[in-house]
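Reckoned from all heavy atoms, side chains included, excluding hydrogens, waters and symmetry mates. Proteins come first, then strands; the chains are lettered A, B, ... in the order of their sequence lines, and each starts at number 1.
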Number of protein chains: 2
Amino acid sequence: MILETAAALFRDKGFQATSMKDIAVGVGVEAASLYNHIKSKQELLEQLLLVIADRFTAGMTDVTASSLSPKEKFEQLLRLHIRMTMEHPDSVALINSEWVHLAEPARSRYKSLESAYERDFLTILKACIEAGDFQQVDPRIALFSTLSTLRLLPIWYRKNKDISPIDLEKHIMQCLVDGLR
Amino acid sequence: MILETAAALFRDKGFQATSMKDIAVGVGVEAASLYNHIKSKQELLEQLLLVIADRFTAGMTDVTASSLSPKEKFEQLLRLHIRMTMEHPDSVALINSEWVHLAEPARSRYKSLESAYERDFLTILKACIEAGDFQQVDPRIALFSTLSTLRLLPIWYRKNKDISPIDLEKHIMQCLVDGLR
DNA sequence: GTCTATACGCTGATAGAC
DNA sequence: GTCTATCAGCGTATAGAC
């Protein structure tokens, strides 16, 4: 309950602009009472962000370990982001800007997980190109463009809940893979 | 000097986590001295974000008023974002998350400019589809995907300055319009 | 577990001397 | 214009009664 409340507030107002009082009001207790359940406000952010980072990392591990084709792996990653967005919309939304407020050593651990994730994603993208499934695009820009869409998905999805996961996947795949033309 | 320093700090640490002392140190004066040049910290954020919003709006006005084809208009908007990113990298980076810290009435004005911009962008996208330049994608998702890439560009560009604007435009256009396949 | 009371550093901002 | 001094309020977090 505390974590969920904090996630929603961090998403709306940002970590720094959210006070323990804000969270307490959301939960329905006094601010001091929160400290019977958590160690600090910082701990809340670490919980939220690192759990998400670990899940994305686990998802990536599954995909890379699989015997799927590069293009199927790419599709699996799309599904991973869509699933994560649906299941944890608030905490996934935090990955775009709130990680800067992580204190060390959590911040380094988080950035290291993120780097590894992007490196693996890039490897799969390059394999798609080599296999001839994707055309000869600049893989770094393809990764940037793809990840931009996937990372901002929770923000967009909030205002567009009237779409099914299947349609969402189909349309995003179409935009990213087939392009607009 | 104050505005530039503030923009860089807001980008790195966020508006709330940046103190007037931080800005003063960056400028090289005492915090109190800043108030001889600005009214408040809030005013700094409003200056930065609304100037950017106004420029995007002006760019959109030029594009819509032009006699270009829908697809050429789309390309012009891509160039607008790339140019803005190159010319004002720090303040353009703020549009992703820092607008939440705008106080009223600036916040409403900002959101209203943003809405109008997205509406006009969507209109152009739909015209591209109707003209047969783009395939039958879901225009809302195409807009979301395109704008995601363009909005996160300043963040990506910071770590990838070794690319020319021309190449950047070519590659982004290729990813977005032609897709990966 | 909950609460009230409190510590105390930092914040944005002002006053006033130079 | 700059500075030093200062204020009032809010922030996180703790102590201790119940």
Side-chain angles (χ1 to χ4, degrees), chain A residues 1-52 90-91 93-94 97-110, chain B residues 1-52 90-91 93-94 97-110:
Chain A
M1 189 65 198
I2 295 179
L3 271 172
E4 290 89 330
T5 307
L9 287 166
F10 292 168
R11 162 177 58 66
D12 281 346
K13 317 175 46 161
F15 174 76
Q16 282 276 349
T18 302
S19 69
M20 293 303 284
K21 181 117 189 283
D22 293 333
I23 301 173
V25 168
V27 173
V29 295
E30 291 300 314
S33 305
L34 294 173
Y35 291 90
N36 290 311
H37 305 272
I38 57 154
K39 205 177 99 265
S40 66
K41 185 184 167 189
Q42 173 68 212
E43 194 196 45
L44 283 173
L45 186 64
E46 296 184 4
Q47 275 286 322
L48 291 169
L49 279 175
L50 284 167
V51 163
I52 290 300
D90 296 336
S91 24
L94 302 180
S97 24
E98 301 310 315
W99 63 266
V100 297
H101 300 114
L102 285 174
E104 295 293 355
R107 180 168 160 147
S108 291
R109 189 165 114 65
Y110 178 83
Chain B
M1 189 67 194
I2 295 178
L3 271 172
E4 289 88 328
T5 306
L9 286 166
F10 292 170
R11 162 176 58 66
D12 282 347
K13 317 176 45 160
F15 174 76
Q16 282 276 348
T18 301
S19 68
M20 293 303 285
K21 181 116 189 282
D22 293 332
I23 301 171
V25 168
V27 173
V29 294
E30 291 301 313
S33 305
L34 295 173
Y35 290 91
N36 289 311
H37 306 272
I38 57 153
K39 205 178 97 264
S40 65
K41 185 184 166 188
Q42 174 69 212
E43 193 196 46
L44 283 173
L45 187 65
E46 296 184 4
Q47 275 285 322
L48 290 169
L49 279 176
L50 283 168
V51 164
I52 291 300
D90 295 337
S91 25
L94 301 181
S97 25
E98 301 310 314
W99 63 267
V100 296
H101 300 115
L102 285 174
E104 295 294 356
R107 180 169 160 147
S108 291
R109 191 166 111 67
Y110 178 83

Interatomic distance where [atom1] belongs to [X] and [atom2] belongs to [N] [whole Å]:
{"X": "N36(B)", "N": "dA17(C)", "atom1": "CG", "atom2": "P", "value": "15 Å"}
{"X": "E43(A)", "N": "dT12(D)", "atom1": "CD", "atom2": "P", "value": "15 Å"}
{"X": "M20(A)", "N": "dC10(C)", "atom1": "CE", "atom2": "P", "value": "19 Å"}
{"X": "K21(A)", "N": "dT4(C)", "atom1": "NZ", "atom2": "C1'", "value": "14 Å"}
{"X": "E30(A)", "N": "dT14(D)", "atom1": "CD", "atom2": "P", "value": "17 Å"}
{"X": "Y35(A)", "N": "dA15(D)", "atom1": "OH", "atom2": "P", "value": "13 Å"}
{"X": "D22(B)", "N": "dT11(C)", "atom1": "CG", "atom2": "P", "value": "7 Å"}
{"X": "K13(B)", "N": "dT11(C)", "atom1": "NZ", "atom2": "P", "value": "8 Å"}

Exercise for the section: Report which part of the nucleic acid S19(A) touches: base, sugar-phosphate, or nothing (heavy-atom distance under 4.0 Å, all strands). Expected result: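 Sugar-phosphate contact only.
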
Exercise for the section: Under 4.0 Å between any heavy atoms, over every strand shown, what does A31(A) touch: base, sugar-phosphate, or nothing? Just pick one. Expected result: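 Here A31(A) touches no strand at all.
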
Exercise for the section: Using only side-chain N and O atoms of S40(B), determine if any of them is under 4.0 Å from OP1 or OP2 of dG12(C). Expected result: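 Looking at the OP1 and OP2 atoms of dG12(C), neither is under 4.0 Å from any side-chain N or O of S40(B).
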
Practice task
Could you check if a side-chain atom of L3(A) sits within less than 4.5 angstrom of a side-chain atom of L44(A), using non-hydrogen atoms only?
Solution key: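 The answer is yes; the side chains approach within 4.5 Å.
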
Problem - Check: L45(B) and L102(B) side chains under 4.5 Å, non-hydrogen atoms - result: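 Yes. Closest side-chain heavy atoms under 4.5 Å.
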
Exercise for the section: Among the candidates dG1(C), dT14(C), dC3(C), find the nucleotide nearest to the side-chain atoms of H37(A). Expected result: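 In terms of side-chain proximity for H37(A), the closest of dG1(C), dT14(C), dC3(C) is dG1(C).
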
Exercise for the section: Please answer whether the main-chain N or O of V100(B) pairs with a side-chain N or O of R107(B) as donor and acceptor at a distance below 3.5 Å. Expected result: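 At least one qualifying donor-acceptor pair exists.
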
Exercise for the section: Look at the aromatic rings of W99(A) and Y110(A) and report parallel, tilted or perpendicular, splitting at 30° and 60°. Expected result: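 The arrangement is parallel - the two ring planes meet at less than 30°.
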
